[in-house]
Amino acid sequence: MAIVNSRVRWKTKGDTNFTDLQFETLSVSKNINADSTILDVEFKNGYEHFASTSSGSTYFTAGDIIEIYVSNSSIDVDTDDALIIGSVKEVNYVEAEKSTRVRLSLQDRTSLLLNLRIVMNYKNQTAPSIINNVIQKVNESVNPDDFLLEPIGYNTAKIDQIRPDGSQFPQRDLTLIWKTAYEWIKQVSQVEFLNTDDENANQNLVVTKPFFFYVNKENDLVWHNRQDSVYDQDSNPIYANQEGVYEVNLKKSTFGTFNMIIYNAGTDKNGSGIWWYNYDTNSKDTELRISVQSFVDIADGYRNDLLVADNLKSTTSHSITVEANTIPVTNINIFGSGGGYALVEQQEEYIYYTTTDTNTSTLTGVQRAKFNTPNSSHSSGVLIHVADSYGDMTNDDFRDWCKDEGKRRSDAMFQGIASLRWKGTIKVRGTNTYQVGDQVPIHAINLGLTGQKLRVTSISDTVDANGWNTTLQFEEDPPEQGEGGAT
């Protein structure tokens, strides 16, 4: 058995130094989606070492930092990168007949950051510039006194600044309301966002696959084209019969096959859900295979576009409190006397007003935070946009547009889903060689694989009395848009 060195270090708020802990098992799972990393650590003799028998209090509390190091060589915590740094989410004490256990469930600090929600409105911005700003907004949300969260780095060398053919990314408009940073980055990583309108319309695509992203061990965001050779692990192939490869579980199949999509396109002007469906008329499958998809950003995005489409603007003449249901403006005449919609620019708050009072120059009967946006206070002089383009559209027309957009999206999802792809896991002796996102040549003669490159989509590490094992989850990249068909 190979020598395995590991350290688990713990620090609670107020501590200046870490304490080394003797653990029994630990399990770490890192996913390419970057929004969820799972960590579990189990300690033996839990009550004796990690709880006070006199007071009944426990040493571990939510928010404590746990650092985990695993290596086949010696570990220097001052220079080596931690396998993971997490925050305690849950503490579970288990008492059995002959022993007690303490199990900690942790959340990766990167997950905490990427799940922070922000509200922004971008005009004529490229995907890299939007990502840069989103990361800035996330980092600004970090409390300087928070001893866990460290800012995510934006390194232009790790963020693609040009498209695969050397051209610039198209400039786009994007508004999302209270979406996580993960959702923002995922949105700008899609094929449609990274190609121009003409390229999308003519299917003359420069970017044919969504970009993938994650936060690396240096805490820098990585956002790259899937074809980038920097992720090729040509010098570290895996052979099914080599020493240290314990199990190869791969199969080639049609994953994610469906011929009907039921989708949620968001909420209409009355707050009712917009659910609809689309059936693939080209499907040869005699069985109905249904997939339910969330396209809630369709209604939010279209609503935002309509709300900001009008150029008529005023400003607040006085400050507004959070509880206010009237808004004083400097130019009341641009607002419709029969009520309508408006956008308060500074805090991105969308409002509905029922009437105008020309005598006091105020919008009255105001419904604040109309679309789950902040019910904020506003200073005097804040810009307010008239939003007639949204107000004048009938609810039926709004619903129909969102349904049509959902159909277009689901049509695109039907393309290429019948392609056969490799997917599965390979269990190996514990290693830090591979990172999420790597493409690894796989040699498994019995499966007919002779150097086929598969993408690492998740990495799970387990350390216990039997040693250190690493399970690599692999998946073959989907075909480029426009390829389609079975391969």
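Remark: Q242 pairs with Y239, V245 by the side chain to side chain contact (heavy atoms under 4.5 Å, CB included) rule, at least two apart or across chains. Annotation: side chain to side chain contact (heavy atoms under 4.5 Å, CB included) contacts of A127 (sequence neighbours excluded): V188, F193, L194, W223. For K427, the salt bridge (Lys or Arg N to Asp or Glu O under 4.0 Å) criterion is met by no residue, not counting sequence neighbours. Qualifying salt bridge (Lys or Arg N to Asp or Glu O under 4.0 Å) partners for D20, counting only residues two or more places apart in sequence or in other chains: R7. Every residue two or more places apart in sequence or in another chain that forms a side chain to side chain donor-acceptor pair (under 3.5 Å) with Q125 is listed here: S129. With sequence neighbours left out, the ring pair (Phe, Tyr, Trp, His ring centres under 6.0 Å) criterion links F474 to no other residue. Checked against side chain to side chain donor-acceptor pair (under 3.5 Å), T19 has no partners two or more places apart in sequence or in another chain. Annotation: side chain to side chain contact (heavy atoms under 4.5 Å, CB included) contacts of T267 (sequence neighbours excluded): R303. With sequence neighbours excluded, no residue forms a side chain to side chain donor-acceptor pair (under 3.5 Å) with N249. For the side chain to side chain contact (heavy atoms under 4.5 Å, CB included) test, residues two or more places apart in sequence or in another chain that qualify with Y277 are M260, I262. Residues forming a salt bridge (Lys or Arg N to Asp or Glu O under 4.0 Å) with E405 (at least two apart in sequence, or on another chain): R408, R409. In this structure K453 satisfies the salt bridge (Lys or Arg N to Asp or Glu O under 4.0 Å) test together with D232, D234, sequence neighbours excluded.
The shortest heavy-atom contact between I68 and V70 is CG2-CG2, 4.1 Å. Scanning both residues, S6 and V463, for their nearest heavy atoms gives OG-CG1, 4.3 Å. Between A299 and C402, the shortest heavy-atom contact is CA-SG, 3.8 Å. Here the closest non-hydrogen pair linking Y69 and R9 is CE1-CD, 3.9 Å. The minimum heavy-atom distance linking P128 with Q161 is given by the pair CB-OE1, 3.9 Å. Shown here for Q293 and I261, the closest heavy-atom pair between the two residues is CG-CG2, 3.7 Å.
Comment: R163 engages E199 in a salt bridge, judged by a side-chain N to carboxylate O separation of less than 4.0 angstrom. Under 4.0 Å is where a charged nitrogen must lie from a carboxylate oxygen, and between E475 and R421 at least one such pair does.
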- request: In sequence, state the C-alpha distance, the side-chain angles, and the governing distance for I459 and T471, and then conclude on side chain to side chain contact (heavy atoms under 4.5 Å, CB included).
  value: CA-CA 6 Å; I459 300 175; T471 299; over 6 Å; no
message: The test is side chain to side chain contact (heavy atoms under 4.5 Å, CB included); show your working for K403 and I274 and say whether it passes.
response: CA-CA 7 Å; K403 289 178 182 178; I274 306 172; 4.0 Å; yes
- request: Check the pair N469, D461 against side chain to side chain donor-acceptor pair (under 3.5 Å), reporting the backbone distance first and the verdict last.
  value: CA-CA 6 Å; N469 295 321; D461 291 283; over 6 Å; no
- request: Could you check T12 against D64 for side chain to side chain donor-acceptor pair (under 3.5 Å), going step by step and ending with a plain yes or no?
  value: CA-CA 5 Å; T12 193; D64 287 358; 2.7 Å; yes
task: Take F60 and L21, measure what side chain to side chain contact (heavy atoms under 4.5 Å, CB included) needs, and give me the verdict at the end.
output: CA-CA 12 Å; F60 298 117; L21 305 176; 3.9 Å; yes
query: How far apart are the C-alpha atoms of L447 and I445, what are their side-chain angles, what is the distance that settles it, and do they pass the side chain to side chain contact (heavy atoms under 4.5 Å, CB included) test?
result: CA-CA 5 Å; L447 297 176; I445 302 301; over 6 Å; no
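Looking at S189, its side chain does come within 3.5 Å of a backbone N or O of I185 through a donor-acceptor pair. The main-chain N or O of T180 is found under 3.5 Å from a side-chain atom of E183 such that the two form a donor-acceptor pair. A donor-acceptor contact shorter than 3.5 Å is absent between the side chain of Y246 and the backbone of T470. In this structure a side-chain-to-backbone donor-acceptor pair under 3.5 Å is present from N259 to R289. A donor-acceptor pair under 3.5 Å is formed between the side chain of N264 and the backbone N or O of G266.
A donor and an acceptor atom, one from each side chain of S235 and Q233, are nowhere located under 3.5 Å apart. Side-chain contact, T25 with D464: no donor N or O sits under 3.5 Å from an acceptor N or O.
To the nearest 0.5 Å, atoms NZ (K251) and OG1 (T425) are separated by 11.0 Å. The NZ atom of K137 lies 13.5 Å from the CD1 atom of I130; values are rounded to the nearest 0.5 Å. From N195, atom CG reaches atom CG of N200 across 5.0 Å, with rounding to the nearest 0.5 Å. For the atom pair CD1 of I426 and CG of L472, the computed distance is 7.0 Å after rounding to the nearest 0.5 Å. Distance check, rounded to the nearest 0.5 Å: CG of D404 to CD1 of I298 gives 10.0 Å. Once rounded to the nearest 0.5 Å, the distance linking CD1 of I135 with CH2 of W184 reads 12.0 Å.
Contact check for R172 versus T126: no side-chain heavy atoms found under the 4.5 Å cut-off. Within the 4.5 Å cutoff, the side chain of Q171 has no heavy atoms near those of the K123 side chain. Here the side chains of Q473 and K423 are in contact, with some heavy-atom distance below 4.5 Å. Within the 4.5 Å cutoff, side-chain heavy atoms of I442 are placed close to those of L250. Looking at L104 and W10, their side chains never come closer than 4.5 Å, going by heavy atoms from C-beta outward. Between I159 and N132, the closest side-chain pair of non-hydrogen atoms is not below 4.5 Å. Residues I238 and Y434 are in side-chain contact: their nearest non-hydrogen atoms beyond the backbone lie under 4.5 Å apart.
The environment of N446 atom CG is sparse: at most 12 non-hydrogen atoms of other residues, nucleotides or ligands sit within 6.0 angstrom.
Remark: of the listed residues F295, W275, W276, F295 is the sole one forming a ring pair (Phe, Tyr, Trp, His ring centres under 6.0 Å) with Y263. When each of D160, T208, I162 is checked for a side chain to side chain contact (heavy atoms under 4.5 Å, CB included) with N225, only D160 meets the rule.
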